[in-house]
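Read the structure below first, then the notes.
Here is how names work: the chains are called A, B, and so on, in the same order as the sequence lines, proteins then strands, and each is numbered from 1. Side-chain atoms are counted along with the backbone in the values below, which use heavy atoms only and exclude waters and symmetry mates.
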Amino acid sequence: MPELPEVETVKESLKTLILGKTIHHVDILYEGIIHGTTKDYFSKRLENEILMDIGRFGKFLFFRFSTITLISHLRMEGKYFLKHSFELIAKHEHVIFHFTDGTSLRYHDTRKFGTMELVEPGNEFLMPNILLMGPEPFDNQFNLSYLKSRIKSSIRPIKSFLLDQNNVSGLGNIYVDEVLFLSRVHPETQVKNLSDSEILKIIDSTQAVINKAIELGGTTIRSYLSSLGITGRFQNELNVHLRALKPCIICNTPIIKIKVGGRGTYICPTCQKRKG
DNA sequence: AAGGGTGTTGAAAG
DNA sequence: GCTTTCAACACCCT
């Protein structure tokens, strides 16, 4: 579930906790998480590396060590915990970074969907999956003419379009539902049918939602709960997501749940009318 | 208690 | 080429 605001929150929390630490060794308990190299090479390459900085692009985290960068994607349920090295391995802990100071960073992922990959410093944005990603919501390249160039004559539903990281980086299911509610746009609207003013409204709403969510430390529901002891507060701001049958805050119509592009989707059927 | 749903992504299929 | 479906996996809910 972690989307841009949650990953940003994780990044900032990790920076206060582990910046400057040196890796003693790495234990890999489930190698499916490690991509691009063997688990042995991965572990070996990280030994003695010092964590200099942590960056983020979209939902990707970049752990910048002295001579190598680790790219981490949490996918659905990835989480990090900082523990003492002597603590027992908990269920679903798949990668453990042991630091020289006796602490350890534990990567926990119930569904094992998350990924980690090493890349030479500075080459993050050349990775095939990152290379083609669109701008982040608050990037000034995320504007009307850019979106129109991406839309062309596409018939995709706007919800699928916004979830596509190659159009805009960092949005996931929760925030797209919120953005479209604020924009009063039905998620199944084909993007080629959006007016300029609707696109502008979507840009505004995206920036508003993401900025507010970052401010509040993300959204705490289900699996994002208590990673690093973080409790986000944006869940109190959700207008539609997970609010099926509850009254719309604008018009009191009960929120309904539909399926768009195979994804569970929450809308107000009154505020978000289908076009035509 | 078996089966469908879950916040993501990319490969495969249409 | 564009769009949709499915698989990776574990757990929760009905």
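Within the 4.0 angstrom heavy-atom criterion, only backbone atoms of the sugar-phosphate kind lie near A/Lys257; the bases stay farther away. Among the atoms of the strands shown, only primed sugar atoms or phosphate atoms (P, OP1, OP2) are found under 4.0 Å from some heavy atom of A/Gly172. In this structure, A/Phe60 reaches neither bases nor backbone, as no heavy-atom distance under 4.0 Å exists between it and the strands shown. No engagement by A/Thr115 is indicated, since no non-hydrogen atom pair under 4.0 Å with the nucleic acid exists. No contact: A/Gly32 has no heavy atom under 4.0 Å from any strand. In this structure, A/Asp109 reaches neither bases nor backbone, as no heavy-atom distance under 4.0 Å exists between it and the strands shown.
What separates CD of A/Gln190 from P of C/dT4 is a distance of 9 Å, to the nearest Å. Rounded to an integer number of Å, the gap from CG of A/Leu74 to C1' of B/dT6 is 16 Å. Nucleotide C/dC2 holds its P atom 12 Å from the CZ atom of A/Phe161, rounded to whole Å. If you measure from atom CG of A/Leu29 to atom C1' of C/dA10, you get 17 Å, rounded to the nearest angstrom. For the pair A/Phe113 CZ and C/dC6 P, the computed distance is 15 Å after rounding to whole Å. If you take CG of A/Leu162 and P of B/dG7, they are 16 Å apart, rounded to a whole angstrom. Between the CG atom of A/Asn166 and the P atom of C/dG1 there is a distance of 15 Å, rounded to whole Å. Atom CD1 in A/Ile130 sits about 14 Å away from atom C1' in B/dT8, given to the nearest Å.
Nucleotides C/dT3 and B/dG7 are separated by 23 Å at their P atoms, to the nearest Å. The same atom, P, is picked in C/dC11 and in B/dT9; the two are 22 Å apart, to the nearest Å. Comparing B/dG3 with C/dA7, their P atoms sit 15 Å apart, to the nearest whole Å. Nucleotides C/dC9 and B/dA1 have their P atoms positioned 26 Å apart, rounded to a whole Å.
Closest contact between the side chain of A/Arg75 and the listed nucleotides C/dT4, B/dG7, B/dT9 involves B/dT9. The A/Lys112 side chain lies nearest to C/dC9 when the options are C/dC9, C/dT4, C/dA8. Counting only heavy atoms from C-beta on, A/Gln165 has its side chain closest to B/dT9 among B/dT6, C/dT3, B/dT9. Distances were taken from every side-chain heavy atom of A/Lys259 (C-beta onward) to each of C/dC9, B/dG5, C/dT3; the shortest belongs to B/dG5.
With a cut-off of 3.5 Å on both pairing distances, C/dC9 has no Watson-Crick or G-U wobble partner at all.
At B/dT6, none of the side-chain N or O atoms of A/Asn173 fall inside 4.0 Å of OP1 or OP2 (strictly under the cut-off). For B/dT9, the OP1/OP2 oxygens have a side-chain nitrogen or oxygen of A/Lys59 closer than 4.0 Å. For the pair A/His73 and B/dT9, the criterion of a side-chain N or O lying under 4.0 Å from OP1 or OP2 is met. Phosphate proximity of C/dC11 to A/His92: present, with a side-chain N or O under 4.0 Å from OP1 or OP2. Residue A/Arg263 places at least one side-chain N or O under 4.0 Å from the OP1 or OP2 atom of B/dT8. Contact between the side-chain N/O atoms of A/Tyr30 and the OP1/OP2 oxygens of C/dC9 is found at a separation under 4.0 Å. Residue A/Lys91 places at least one side-chain N or O closer than 4.0 Å to OP1 or OP2 of C/dC11.
The NE2 atom of A/His94 sits 9.5 Å away from atom CE of A/Met116, with the distance rounded to the nearest 0.5 Å. Atom CD of A/Glu49 sits about 12.0 Å away from atom CZ of A/Phe97, to the nearest 0.5 Å.
A salt bridge links A/Arg156 with A/Asp164: the closest approach of a Lys/Arg side-chain nitrogen to an acidic carboxylate oxygen falls below 4.0 angstrom. Using a cut-off of 4.0 Å between Lys/Arg side-chain N and Asp/Glu carboxylate O, A/Glu215 and A/Lys212 are scored as not salt-bridged. A/Arg64 and A/Glu124 are joined by a salt bridge, as a carboxylate oxygen and a charged side-chain nitrogen come within less than 4.0 angstrom of each other.
Looking at A/Thr67 and A/Arg45, their side chains do bring a donor and an acceptor atom within 3.5 Å of each other.
A 6.0 Å sphere centred on NE2 of A/His24 holds no more than 12 heavy atoms belonging to other residues, nucleotides or ligands.
The base of B/dT8 lies outside donor-acceptor range of the side chain of A/Arg111, with no N or O pair under 3.5 Å.
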